Amino acid sequence: MLDAKFLRSEIETAAALLKKRGYDLDVAQLTALEEQRKELQVRTERLQNERNVRSKSIGQAKARGEDIQPLLAEVGQLGSDLDAAKAELAELQGQLQALSLEVPNLPHESVPEGKDEDENVELHTWGEIPSFDFEVKDHVDLGEGAQGLDFKNAVKISGSRFIVMKGQIARLHRALAQFMLDTHTQEHGYQELYVPYLVNADSLYGTGQLPKFGEDLFHTQPATEEGVGMSLIPTAEVPVTNMLRDTIVDEAELPIRMTAHTPCFRSEAGSYGRDTRGLIRQHQFDKVEMVQVVHPEKSYDALEEMRQHAENILQKLGLPYRVVTLCTGDMGFGATKTYDLEVWLPAQDTYREISSVSNCEAFQARRMQARFRAAGAKKPELLHTLNGSGLAVGRTLVAILENYQQEDGSVVIPEALRPYMGGVEKIG
RNA sequence: GGAGGGGUGGCAGAGUGGUCGAAUGCACCGGUCUUGAAAACCGGCGUGGGUUAAUAGCUCACCGAGAGUUCAAAUCUCUCCCCCUCCGCCA
């Protein structure tokens with residue numbers, strides 16, 4: 001959510017910036033509604049004030065033992081005028097609120113302008129793209145060959161876009177998550193969190209999944225007819241960032257760095273034909289997430305830092321990758337700036353996204369009223385929130401299988417993971 | 001699942017439907033006193049919105065959430081949520 005005052009006073013600036021990311025702000029509609037709102041709110045509050053004053057004087061008159069009948073008669077019309085104005089105002093504010101919840105964040109000035117992923121800008125690459133003197137297999141063949149990836153049973157049990165992992169592959173998957181968590185907690189200064197996988201609607205509004213992207217989520221049945229059901233998290237960003245919802249922290253506590261390993265659930269509505277083979281796009285996948293909550297002046301430093309934290313994981317695993325800065329048209333709803341890390345997948349002969357690191361500035365903080373109080377300051381200020389994958393575990397597994405594959409179909413375990421694999425050097 | 005008790009400012013804890021945004025204590029921040037500190041004393045001390053150049057004034061809202069009764073609700077009514085105690089069940 002953008003700052004309401006900013007949106008009002010500099011709507012043309014906002015519209016121009018949003019245009020860069022392909023979002024058309026309805027300036028005329030907003031301006032008209034805002035004009036009505038202002039007039040109506042001032043009028044309503046004036047009526048409210050009048051009623052408060054009169055009610056108070058009725059109380060005082062009664063306390064003095066005076067006849068209050070004439071005073072009551074005077075207030076009669078006021079009440080219904082006030083009720084009408086209040087109802088109208090609530091309706092109008094509801095409309096404005098609904099509109100503002102659907103407006104995406106403004107891109108940072110350093111973000112390259114472009115309309116889609118083709119215009120993302122490569123920042124740098126790391127690692128050697130491996131060359132094989134045999135025909136490379138993809139992770140599906142490798143995994144099935146090793147009796148570790150069981151797509152058949154997953155389909156039977158749940159359906160497409162699910163996986164059953166077995167044996168050494170399951171262990172490798174677990175090892176990856178452990179390794180990532182340990183690296184973030186021991187080397188990067190994050191606190192490990194275990195969080196709920198089912199969240200309420202307030203949390204989803206807080207991080208911006210709602211109201212606009214409800215169809216991307218799995219929702220549980222409401223407990224009662226009017227009740228609100230809970231939803232499965234599409235990313236740990238939701239529960240972790242919402243830790244700060246409705247709180248005011250001391251400036252001295254900043255920055256707050258949190259990490260969590262969770263499954264993520266995505267409906268993938270609208271991506272029917274894409275990545276149907278393999279582990280790349282699943283309804284359920286594990287991810288280790290990093291979240292930072294920082295002083296507004298530090299958020300761009302934190303963004304670079306988090307990108308490095310994610311890169312460190314790939315480097316320790318020896319996986320070649322590249323970093324791209326997403327262009328204005330390819331960024332997510334709440335981000336002002338995003339880096340994607342893309343890992344090399346030999347079987348696809350291309351780089352695929354394995355991490356996304358974003359600064360949301362105050363966009364989420366404003367929705368969830370996450371604030372801090374500067375030492376000695378009177379008013380609390382909004383925090384900045386950042387989130388990044390560190391990394392998507394399933395896709396990392398894919399990258400390991402494919403990049404470390406041997407001619408006989410076995411897979412060498414990267415050094416960094418061996419302690420987590422009981423010293424095993426090779427699987428399959 | 002059954003029975004009972006509760007949700008008020010950072011914490012503790014008052015609050016007969018009317019002058020309550022809310023007593024009091026603690027904590028915290030200024031100040032006086034003191035060589036310094038403590039104590040004592042004086043003062044301050046919530047959040048969001050609107051208006052506005054204003055983080056000045058004025059104003060509206062907020063006592064778990066929502067709805068209702070009333071000229072007027074922290075206080076009365078209803079619904080929901082959460083917490084606590086006991087019993088049952090359970091990983």
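Keep in mind that what you see is a predicted model, and the values were worked out from it rather than measured.
Pairing partner, B:U51: B:G57, with both Watson-Crick or wobble hydrogen-bond distances short of 3.5 Å. When both distances must be under 3.5 Å, the Watson-Crick or G-U wobble mate of B:G88 does not exist. The partner of B:G43 is B:C29, judged by Watson-Crick or G-U wobble contacts that both fall below 3.5 Å. Across all strands shown, nothing is found opposite B:G9 as a Watson-Crick or G-U wobble partner with both distances under 3.5 Å. Nucleotide B:C80 is matched to B:G64 when pairs are restricted to Watson-Crick or G-U wobble geometry with both distances under 3.5 angstrom. Pair assignment for B:U16: none, as no Watson-Crick or G-U wobble contacts are both less than 3.5 Å. B:A37 makes up no base pair with any nucleotide shown, lacking Watson-Crick or G-U wobble contacts both under 3.5 Å.
For residues 41-92 of chain A, no residue pair satisfies the ring-ring contact (aromatic ring centres under 6.0 Å, His included) rule, not counting sequence neighbours. The ring-ring contact (aromatic ring centres under 6.0 Å, His included) contacts involving residues 149-171 of chain A comprise A:F162-A:H283, where partners must be two or more places apart or lie in separate chains. The list of ring-ring contact (aromatic ring centres under 6.0 Å, His included) pairs with a residue in residues 54-92 of chain A, not counting sequence neighbours, is empty.
Residues passing the side-chain contact (heavy atoms from CB on, under 4.5 Å) test with A:Q29, sequence neighbours excluded: A:D26, A:L33, A:L99. The salt bridge (Lys or Arg N to Asp or Glu O under 4.0 Å) check on A:E102 picks up nothing, with sequence neighbours excluded. Listed by chain and residue number, nothing satisfies the salt bridge (Lys or Arg N to Asp or Glu O under 4.0 Å) test with A:R21 (two or more places apart in sequence, or in another chain). Residues satisfying the side-chain contact (heavy atoms from CB on, under 4.5 Å) criterion with A:S203, sequence neighbours excluded, are A:V199, A:N200, A:V238, A:N242, A:R245. For A:E251, the side-chain contact (heavy atoms from CB on, under 4.5 Å) test picks out A:H295, A:F372, A:A374, A:A375, with sequence neighbours left out.
Spacing between B:A72 and B:C80 at atom P, rounded to whole Å, works out to 27 Å. Comparing B:A65 with B:U59, their P atoms sit 25 Å apart, to the nearest whole Å. Comparing B:U8 with B:A23, their P atoms are spaced 16 Å from each other, to the whole Å. Nucleotides B:G18 and B:C76 place their C1' atoms 14 Å apart, quoted to the nearest Å. Taking atom P on both nucleotides, B:C26 is separated from B:U35 by 27 Å, rounded to a whole Å. Straight-line distance between the C1' atoms of B:C29 and B:G10: roughly 14 Å, to the nearest whole Å. Atom P of B:G64 sits at a distance of 15 Å from the matching atom of B:U16, rounded to the whole Å. Atom P of B:U69 sits at a distance of 16 Å from the matching atom of B:A74, rounded to the whole Å.
Residue A:L341 holds its CG atom at 11.0 Å from CG of A:L319, rounded to the nearest 0.5 Å.
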Can you give the donor-acceptor pairs under 3.5 Å from side chains of residues 79-88 of chain A to other protein atoms, not counting sequence neighbours?
{"unit_1": "A:S80", "atom_1": "OG", "unit_2": "A:Q77", "atom_2": "O", "d": "3.0"}
{"unit_1": "A:D81", "atom_1": "OD1", "unit_2": "A:Q77", "atom_2": "NE2", "d": "3.0"}

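Distance A:M230 CE to B:C82 C1': 13 Å, rounded to the nearest Å. Protein atom CD of A:Q48 is 16 Å distant from nucleotide atom P of B:U70, rounded to whole Å. As rounded to whole Å, 14 Å separates atom P of B:A72 from atom CD of A:Q69. Spacing between atom CD of A:E50 and atom P of B:C60 amounts to 11 Å, rounded to whole angstrom units.
A:K115 NZ: 12 or fewer foreign heavy atoms inside a 6.0 Å radius.
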Between the protein and nucleotides 63-69 of chain B, which nitrogen or oxygen pairs come in under 3.5 angstrom?
none

Nucleic acid footprint by protein, nucleotides 14-23 of chain B - heavy-atom cut-off 4.0 Å, B for base, S for sugar-phosphate alone:
----BB----

In B/S/- notation, 5' to 3', how is nucleotides 46-51 of chain B contacted by protein heavy atoms closer than 4.0 Å?
-SSBSS

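For the residue pair A:N49 and A:N52, no side-chain donor N or O sits within less than 3.5 Å of a side-chain acceptor on the partner.
Between A:H184 and A:H188, the ring planes are tilted. Angles from 30° to 60° get that label.
Between A:N49 and B:U59, a side-chain N or O to OP1/OP2 separation shorter than 4.0 Å is absent. Within the 4.0 Å cut-off from OP1 or OP2 of B:A72, not a single side-chain nitrogen or oxygen of A:N52 is found.
Each of A:V53 and A:V75 was matched to the nucleotide of RNA chain B holding its nearest heavy atom; the match closer to the 5' end belongs to A:V53.
Using a 4.0 Å heavy-atom cutoff across all strands shown, A:R46 reaches no nucleic acid atom at all.
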